[in-house]
Amino acid sequence: MNVDRIERSAPAGADRWLQHYYLVRAGVSALWVAAAATLGVADPVAGAALLVAYPAWDALANVADARRNGGARANPSQALNAVVSGGLSIAVLVALGHGMHAVLALFGIWAGLAGLFQLLTGIRRWKSQGAQWAMILSGAQSALAGGFFLKQASGAATPTILDIAPYAAFGAFYFLVSGVWLAVRGRR
C-alpha cells in the first residue's frame, strides 16, 4: 500500500467541496472577465462596480472556503487573504476618485499579497489533498502580476479595466484546471 497516497488522500467530501469551489470560482471569474470586456468598457459606473466587486468576491470566497475547512485559525493564509481582499474593495472605492493609475497600483499590491496567500494555501493543502500544483502556480503568477501592475501603474498610459481582465482570466483558468483535475482524480 502506498503510504504517500494515503497521506495525500483527502476524504471524498472534502475533494468534492474543493472541486465545486474551484469550478464556481472559475465560473465567476470568467463571468467577471466577460462583464469587464463589455459592460466595464462601455459604462464607467459598471466598470467601477466591477473593480470593487472582484476583490470583494475573492474575500467572500476565501471566507467560505476557510469556514468549510476548519475556520480561520486552521486556514490563516485564507483568513489573511480575505482581510486583504475586503480591504482592497474599500480602497478601490476610494482610489476610483483618484484615477485608474491609483486603482491599478492597488490591484498590484493586492495581486502580490493574494498570490502569496494562495501559494501558501496550495502548499498547505498539498499535504492533505494533493492536486494543488495549479493553485501553487497561480499564486506564484499572481505575485508576479502584482509587480507588473505596479510597473504599469507608474507609466504614462492611462490603465483601464482591460488591464486587469487578463489577470482575472488567468485566475479563472487555474481554478478550472484545479476543479477538473480533482474531478478526474475522483473518478479514478
Side-chain angles (χ1 to χ4, degrees), residues 8 10-41 46-47 49-70 75 77-86 88-89 92 107-108 110-126 128-146 148-149 160-188:
R8 289 181 178 218
D15 269 357
R16 276 193 297 272
W17 156 255
L18 203 53
Q19 174 190 338
H20 177 75
Y21 172 74
Y22 287 157
L23 293 175
V24 167
R25 297 267 333 236
V28 169
S29 292
L31 288 172
W32 187 91
V33 170
T38 56
L39 298 172
V41 172
L50 286 165
L51 289 168
V52 171
Y54 189 68
W57 158 249
D58 189 69
L60 292 172
N62 273 288
V63 166
D65 189 31
R67 281 186 180 163
R68 177 80 163 129
N69 290 288
N75 300 284
S77 57
Q78 285 183 292
L80 288 170
N81 202 347
V83 169
V84 168
S85 295
L88 179 74
S89 287
V92 166
F107 264 88
W110 175 63
L113 290 172
L116 176 63
F117 295 140
Q118 184 175 3
L119 179 67
L120 293 171
T121 299
I123 290 169
R124 179 181 44 80
R125 280 187 166 156
W126 187 277
S128 63
Q129 293 169 305
Q132 292 296 304
W133 62 269
M135 290 293 93
I136 290 169
L137 185 58
S138 177
Q141 187 173 352
S142 180
L144 291 173
F148 179 71
F149 284 163
T160 71
I161 195 168
L162 293 179
D163 291 303
I164 296 166
Y167 171 77
F170 274 108
F173 170 75
Y174 284 121
F175 279 118
L176 179 63
V177 166
S178 294
V180 169
W181 190 272
L182 286 173
V184 168
R185 190 179 82 170
R187 293 194 175 142
R188 289 184 179 173

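Because the structure is predicted, anything quoted here is derived from the model rather than measured.
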> For residues 52-65, which residue pairs qualify under side chain to side chain donor-acceptor pair (under 3.5 Å), counting only residues two or more places apart or in two chains?
Replying inline: Trp17-Asp65, Arg25-Asp58, Asp58-Asn62, Asp58-Ser85, Asp65-Asn69, Asp65-Gln78, Asp65-Arg125
> Is there a side-chain contact between Leu162 and Val41 (heavy atoms, below 4.5 Å)?
Replying inline: yes
>> With side-chain contact (heavy atoms from CB on, under 4.5 Å) as the criterion, how do Arg68 and Tyr21 come out once you've worked through the C-alpha distance, each side chain's angles and the decisive distance to 0.1 Å?
In response: CA-CA 10 Å; Arg68 177 80 163 129; Tyr21 172 74; over 6 Å; no
> Once you round to the nearest 0.5 Å, how far does CG of Asn75 lie from CG of Asn81?
Replying inline: 11.5 Å
>> Show the nearest heavy-atom pair for residues Ala56 and Ser89, with the distance to one decimal.
In response: N-OG, 2.9 Å
>> I need the minimum non-hydrogen distance between Ser178 and Tyr22, along with the two atoms involved.
In response: CB-CD1, 3.3 Å
> How long is the gap from CG on Leu119 to CD on Gln141, to the nearest 0.5 Å?
Replying inline: 12.5 Å
> Of the non-hydrogen atoms in Ala36 and Ala165, which two are nearest, and what is the gap between them?
Replying inline: CB-CB, 4.5 Å
> Of the non-hydrogen atoms in Ser77 and Leu120, which two are nearest, and what is the gap between them?
Replying inline: CB-CB, 4.0 Å
> Can you name the nearest heavy-atom pair linking Ala59 to Gly86, along with the distance?
Replying inline: CB-N, 3.6 Å
> Below 4.5 Å, heavy atoms only, C-beta onward: do Trp133 and Trp126 meet side chain to side chain?
Replying inline: yes
> Counting distance only, does the side-chain N/O of Ser142 pair as donor-acceptor with the main-chain N or O of Ser138 below 3.5 Å?
Replying inline: no
> Between Trp110 and Val84, is there a donor-acceptor pair closer than 3.5 Å when you use the side chain of the first and the backbone of the second?
Replying inline: no
>> Would you say the ring centers of Phe107 and Tyr167 fall short of 6.0 Å from each other?
In response: no
> Do Ile161 and Leu51 come within less than 4.5 Å of each other through their side chains, counting heavy atoms only?
Replying inline: yes
>> Looking at every non-hydrogen atom in both residues, tell me the closest pair between Ala168 and Trp32 and how far apart they are.
In response: CB-CE3, 3.6 Å
> Got a second to check how far Gln118's CD is from Phe175's CZ, nearest 0.5 Å?
Replying inline: 5.0 Å
> When rounded to the nearest 0.5 angstrom, what distance separates CG in Leu182 from CD in Gln132?
Replying inline: 7.0 Å
